[in-house]
Structures are given as C-alpha cells and as structure tokens.
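Have a look at the structure below, then the notes.
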Amino acid sequence: GEAVPASQRGSWTSFLKSIASFSGDLSSMTAPPFILSPVSLTEFPAYWCERPELFAAIADAKSDEDRALAVLKWFISTLKGQYTSRNDTMGSEKKPLNPVLGELFYGMWPDKGGRGQTDLLVEQVSHHPPITAYVIENKAKGLKLVGHNAQKTSFSGGSIIVKQIGHAILTVKNLSASSASGAPPVTEYLITLPRLRIDGLWYGSPYIELCETSYIVGGGFVSTVEYKGKGYFSGKSHSFKATVSPAPGAPGREHVVEGLWHTTSKFVKGGVSGKGDFHDVNGPKEEVTVVAGGGDGAPEGEMGEFETRKLWRLVAKGIREGDFESASREKGRIENEQRQRRRDEVAAGTSWALKHFTPIASDPVYERLGALAKIQPPTEDAYVFLDNWPKTAPVSGA
Ligand code: 0T9
C-alpha cells in the first residue's frame, strides 16, 4: 500500500502475519518504524476532558434527567479525540508506546469562566497485561472520574478486534444539597467502554471503528449507546444511536439521540424543549497542560524519572525525527532497566508499590449499577484512588 514505505513493506507484512496468528498482548510486539507513535498510552486518559466545559456542565444540571443528558453529551463528545485524533495528527492510527509499570502522567486544564480547574493523574498499574488507571477531578464542581483500561485483542477478517476491559465511575457531589433537601450527597455513574475494530491494516493506514454497545448507568437513568460503521443505520462511518431511559422503577422521559460521534448528533425522540441538536464537536478542543509531579527527589517543576514525558523523551525524539536507531536503543535501555528491577524485586522478595491506587477484586459500584442494565460481566475488578494528589508544578522551561 501507499502508506507503507517501500523499505518497510516486508516487515509490515510479517508484522500483520504475526498478529493474525497470535492473540493477546499486541502492545509488546515489535512493529515497523513507520507505524510507531511517540505517545505513551498513559497520555490517553486525557481524552476524557478535552472539552472541560462539557465535563463541568454535568455539575450544573438542574435535574436527574438533565444530568443524564449532560453526562451522555460529555461522553459522546470525547469519542472523536479518543478514537480519531491520531489519524488527524499523525495520518493514521499508530502503535502507542507501551507504558512501564509505575509510569506516571500528570496534567490539568485551567479554570476559565468559572468552570473550575480540572486535574488529571494517570498511573500504569500493570505492565503484563498493560493496565492504566486514572483520575480526572474538578474539585470546584464536585466531579471525579476514576477508571482503568486494559485491552483483549484478536484478529478477524483482516481487522484487529479490541475488547476494552475496565470501566469508569463518575462521582457527582451534590454541593448545594442540605441534608433536608432529600437529595443524595453523591450520584454515581458507571461508564462502560465500546469495542473497537481496527481496519485499514493491509494498506498500512489503520483507523478505528466503534462497534456494539456501551452503557452509562446512574442517577435514575440508563443510557445505551449503540455503535455502527459504514453500511448500517445511517450508512455512514462513526454512527451511533443513544437511548436514555429511566432506570427500572424510576420516573422520567425517554430520549433518543442519533448522529455521528466525530461530528454532530440530534434528538430523534424527547430532547430539551425547542432544541433538536445534541452534541457538536466540530469546534476546537483543549489539550491537557502537562505538569510535573516531582518525586524521587526531583526539584519542583521537574519530572521524576517515571513521568511519561521524561521517561520516553529520547525514544519519542527518535521517532519524531526519524532516527529509529536511537529510538530503539533508548527503548531497549528502558526495557532492560525494567527487567533488572523485576529481577531485583524477585531476589529481594518484594514487589513494586503503586503510588496512587490500590487494586480491588470486585467493584461494588460496578456491581450495583451494572445490574440495572444487566451489564456483563456482573462484576469487574477496579483500582481505588488513594486520594493522594501530589503537589504538581508547571514544567519549568515549557
Ligand atoms: C484507551 C484508546 C485505547 C486506550 C487504545 C488498541 C490500542 C491500544 C488501546 C483503547 C483510550 O481511552 C482509547 C484508543 C486507541 C487504542 C489503541 C489503538 C491501537 O492500535 C492500539 C493497539 C495496542 C495497537 O497498537 C495495535 C497495533 C498497531 C500497529 C495498529 C495501529
């Protein structure tokens, strides 16, 4: 294909052959240089908040029904960034850097016009299999999103099928409620994740299509989001249909939204009086501002050795500048260091201590809310945030 440089055609074909005959952890497979991204997977949770005003708006909703729609609108508005942005910035989907155990990524979106500051914290909580845990918190608005991500991949009909493992819990604090109002002090939403199909592999220009169904459950409502690609209900790629219904036994109206998640959508049933339009992501988004968490004795304004942009700096530089020899040398150095750490731990009978999360085998919030929409599986593990935000600082010299 056009997208594969002539000198890498052979290695691309053998890469495709090996993913076709292998299922499991694609992230650890060696891929030809042209498909490498200089961005670590620890940076991906930032996609959840690139429209911070839509996140903040969840706190300003006036009723459970309004809030269910605000959560859905924010969620749908993140999909363009999550699943198409590498095509926009790098020409196609690319293979992200595979984070090391304990890798950290901190960021923020500043307060603007009273929406409050939003903070981001990410930690790689497992390397094998890769699992990334994150928190996004807007304290002024009483909003907190805690989640984790892993993937199970398989190969089918020339595409990579990615089943996302993990979920997120959004907690909305009722900041104005007096105990007399009868309103609960917090409302929780369970957010599940769609399945992905990676197409365009043969031509060396991979892109993502979303498929099947994901859910948002909480606050008296269940939102069911169905994803379809080309040739289904609208015949267009990136189509979706979302149904927002009162939870079993709860009051409220049903709403149905249809459209394209990477552009716009409209209400086809229900809706807010006089408003046919639902979401619109044609306008600009706001990338996260990376901040330094220090630690490991690093001075304020500097990143510790495990912070993503510092850890991968030379690898990323090599990939960006087309110097793949130094990229792979630096990557090898990081991997060897990791292997040595693991050997040292085994020898000392210790294990790596996570900084910000503690694993639990089953998440009670997932179980309670998931049951309302009969989400499978009935339980999932999770990573509980230790509520220990570090003192971060702007990156000096940035
Ligand atoms: C959570 C997101 C996730 C992470 C990425 C599958 C994938 C790793 C996981 C699911 C985010 O919220 C959303 C977006 C993109 C997903 C990545 C796309 C991708 O290709 C990689 C996998 C591991 C590969 O790198 C496959 C090989 C590659 C050559 C294809 C481009």
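Values below: all heavy atoms of this structure, side chains included; hydrogens, waters and symmetry mates excluded. When a ligand or atom number is given, it counts from 1 through the structure's own listing order.
- Formation of a donor-acceptor pair under 3.5 Å by the Lys139 side chain with backbone atoms of Asp119 is not found in this model.
- Under 4.0 angstrom from ligand 1, there are no non-hydrogen atoms of Leu193.
- Between the side chains of Thr308 and Glu43, no donor-acceptor pair is found at a separation under 3.5 Å.
- Atom CD of Gln376 has more than 12 heavy atoms from other residues, nucleotides or ligands within 6.0 Å.
- For atom 4 (C) of ligand 1, the closest non-hydrogen atom of the protein is Gln151 NE2, 3.8 Å.
- Counting the atoms of ligand 1 from 1 in the order shown, those under 4.0 Å from a heavy atom of Arg86 are 14 (C), 15 (C).
- Between the side chains of Asn336 and Arg333, no donor-acceptor pair of N or O atoms lies under 3.5 Å.
- For the residue pair Asn149/Thr132, the side-chain donor-acceptor check at 3.5 Å is not satisfied.
- Between Gln82 and ligand 1, a contact under 3.5 Å exists for at least one N or O pair.
- No more than 12 heavy atoms of other residues, nucleotides or ligands sit less than 6.0 Å from atom NZ of Lys73.
- Two rings, from Phe240 and Tyr227, have their centers 6.0 Å or more apart.
- For atom 5 (C) of ligand 1, the nearest non-hydrogen atom of the protein is Leu41 CD2, 4.0 Å.
- Remark: ligand 1 atoms within the under-4.0 Å shell around heavy atoms of Phe15 are 29 (C).
- The single protein non-hydrogen atom nearest to atom 18 (C) of ligand 1 is Glu93 OE2, 3.6 Å, given as residue, atom name and distance.
- Within a 4.0 Å radius of atom 7 (C) of ligand 1, the protein has no heavy atom.
- With a 4.0 Å cut-off on non-hydrogen atoms, Ile19 does not touch ligand 1 at all.
- By the criterion of a heavy-atom distance under 4.0 Å, neither the backbone nor the side chain of Tyr47 is placed next to ligand 1.
- At least one heavy atom of Ile208 sits under 4.0 Å from some atom of ligand 1.
- When hydrogens are left out, the protein atom nearest atom 26 (C) of ligand 1 is Leu26 CD1, 3.8 Å; that is the closest non-hydrogen contact.
- Atom 16 (C) of ligand 1 has its closest protein heavy atom at Leu196 CD2, 4.1 Å.
- Panel note: side chain Glu286, backbone Pro52; no donor-acceptor pair is recorded below 3.5 Å.
- Each of the atoms 1 (C) of ligand 1 lies under 4.0 Å from some heavy atom of Asn149.
- Distances from atom 30 (C) of ligand 1 to the heavy atoms of Ala31, Pro45, Pro194, Pro206 show the closest one on Pro206.
- Counting heavy atoms closer than 4.0 Å to ligand 1, residue Trp48 contributes nothing at all.
- Within ligand 1, counting atoms from 1 as listed, the ones closer than 4.0 Å to a heavy atom of Lys95 are 25 (O).
- Of all atoms in ligand 1, numbered sequentially from 1 with element shown, those under 4.0 Å from a heavy atom of Gln164 are 10 (C).
- The presence of a protein heavy atom under 4.0 Å from atom 22 (C) of ligand 1 is ruled out.
- Between the side chains of Thr243 and Ser245, not a single donor N or O lies within less than 3.5 Å of an accepting N or O.
- With ring centers used as reference points, Trp109 lies 6.0 Å or more from Phe55.
- Taking the six-membered ring for Trp, Tyr106 and His356 have ring centres closer than 6.0 Å.
- Side-chain polar atoms of Tyr83 and Trp261 form no donor-acceptor pair below 3.5 angstrom.
- Counting protein heavy atoms only, atom 20 (O) of ligand 1 is closest to Ile198 CD1, 3.3 Å.
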